[in-house]
Amino acid sequence: MQAKVSVSKFNQLLESWASQSPPIMQFTVENVLDTLGLDSSYYSKVLELLMKRNGDEIIAQKVALCPSNHKLRTFLIDEEVDDNFECFCHENEFEVTKFKLVFSFEDEFKADSLKKKENRVSRLKDLMLI
Ligand SMILES: [Zn+2]
C-alpha cells in the first residue's frame, strides 16, 4: 500500500513558498513532489490536495505553450482558450494545444503566510533574549 502524503508537511511547504520574497509563483505538481521527496506515483494525490484549495489559497492556472514550449500566456484553469497565438519561433498564428498546469498563491494567503513567518521569527528572538 502506498504511504500517505503528509498533509502537515504539504501545508508547511505551501506556507514557506508563499512567504518567500518574492513568493514562489507558478509552481508545478512536480515541484511539490521533488521538494517533499515523493516520487511520481504521488502525482494524483498531490494534485488533489492542490485542487482542493483552488480559489481559496491557491490559484490553479494553465500556461499556454507554443509547439516549442515557449510560454505564451497564463489562463485560469477553467478559462476557455479560443484565440490563436503568435510566437517568435513561428511564422504564422497557431492554435494552442499544449498547456502546462501551474499553481500560484492568492494574495491573502501570501500575506497570512508572511505574518506567520514573522511571528515565528519574533518568537524565536524572544527565546534568545532569555
Ligand atoms: Zn515558440
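We're numbering straight along the sequence, starting at 1. As the structure lists them, so they are numbered: ligands from 1, and atoms in each ligand from 1.
The shortest non-hydrogen separation linking Leu14 to Phe27 is CD2-CZ, 4.0 Å.
Atoms of the protein (N, O or S only) found under 2.8 Å from the Zn ion (ligand 1) are Cys66 SG, His70 ND1, Cys87 SG, Cys89 SG.
Aromatic ring orientation, Phe75 versus Phe85: perpendicular (interplanar angle above 60°, classes split at 30° and 60°).
Lys115 has no carboxylate O lying under 4.0 Å from a charged side-chain N of Glu118, or vice versa, which leaves the two without a salt bridge. Looking at Arg123 and Asp126, no side-chain N of the basic residue comes within less than 4.0 Å of a carboxylate O on the acidic one, giving no salt bridge.
Using modelled atom types and a 3.5 Å distance limit, the side chains of Asn11 and Ser8 yield no donor-acceptor pair.
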Only distances under 3.5 Å count here; give the side-chain donor-acceptor pairs of residues 98-106 to other protein atoms, sequence neighbours excluded, each with its distance to 0.1 Å.
residue	atom	partner	partner atom	Å
Lys98	NZ	Pro67	O	3.2
Lys98	NZ	Asn69	OD1	2.8
Ser104	OG	Gln26	N	3.1
Ser104	OG	Gln61	OE1	3.2

